[in-house]
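Here is the structure we will look at.
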Amino acid sequence: MKEQLKKRTKIFAHNCVKITQSLPNTYLSNHIKGQLIRCSTSVAANYRATCIAQSKPSFIAKISIVIEEVDESNFWLEFALDENLIEKNKIENLLQESSELTAIFMASRKTASRK
């Protein structure tokens, strides 16, 4: 599962980066591009860090960062949609993936917090 999620988060980051290339070249779009690239790549990078956490508190702290970053990715995708900078059909899969990843990581944090 760990390796599958590493791959999945990396693909999510790549797909978010690719979607930024279809946004127009405006001040607002450029801001959204930078934010989306930063937080979506952070999901993948921080999940990798979670996988090598040396203690339960460290794991919980790191997975919390992953949750925040994937939720922020979802925010920027929705914001681009709200501003009519992209069509919904182009980002539906990314919105779905960010929601699924959020649910997975929240469940993981909840389980780790219980033990």
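We're numbering straight along the sequence, starting at 1.
Listed by chain and residue number, R8 satisfy the salt bridge (Lys or Arg N to Asp or Glu O under 4.0 Å) test with E100 (two or more places apart in sequence, or in another chain). Here N84 pairs with nothing under the side chain to side chain contact (heavy atoms under 4.5 Å, CB included) rule; sequence neighbours left out. With sequence neighbours left out, the salt bridge (Lys or Arg N to Asp or Glu O under 4.0 Å) criterion links K6 to E3. Residues that satisfy the salt bridge (Lys or Arg N to Asp or Glu O under 4.0 Å) test with E87, not counting sequence neighbours, are absent from this structure. Not a single salt bridge (Lys or Arg N to Asp or Glu O under 4.0 Å) links R48 to another residue, sequence neighbours left out. Under the side chain to side chain contact (heavy atoms under 4.5 Å, CB included) criterion, I60 pairs with K56, S64, R109, A112, S113, sequence neighbours left out.
Side-chain atoms of F105 and E68, non-hydrogen and from C-beta on, never get closer than 4.5 Å to each other. Side-chain contact check for E92 versus N89: some heavy-atom pair is nearer than 4.5 Å.
The CG atom of N74 lies 10.5 Å from the CG atom of L101; values are rounded to the nearest 0.5 Å. Taking CG of L23 as the reference point, atom CG of L28 lies at 9.0 Å (rounded to 0.5 Å). Taking CD of Q35 as the start and CG of N30 as the end, the distance is 12.0 Å to the nearest 0.5 Å. Atoms OG and CG, on S98 and N93 in that order, are 11.0 Å from each other to the nearest 0.5 Å. To the nearest 0.5 Å, atoms CZ (F75) and CG (L36) are separated by 11.5 Å. To the nearest 0.5 Å, the span separating CG on N46 from OG1 on T9 amounts to 10.0 Å.
Both M1 and V66 belong to a single network of hydrophobic side chains, linked directly or stepwise wherever heavy atoms of I, L, V, M, F, W or Y lie under 4.5 Å apart.
A donor-acceptor contact closer than 3.5 angstrom links the side chains of S29 and T26.
Across every non-hydrogen atom of A13 and A44, the tightest pair is CB-CB, 4.3 Å.
The number of heavy-atom neighbours closer than 6.0 Å to CG of N15, taken from other residues, nucleotides and ligands shown, is above 12.
Here the side chain of S108 pairs no donor or acceptor atom with the backbone of I104 at under 3.5 angstrom.
Of the options I37, L94, V43, a side-chain contact (heavy atoms from CB on, under 4.5 Å) to C16 is made by L94 and by none of the others.
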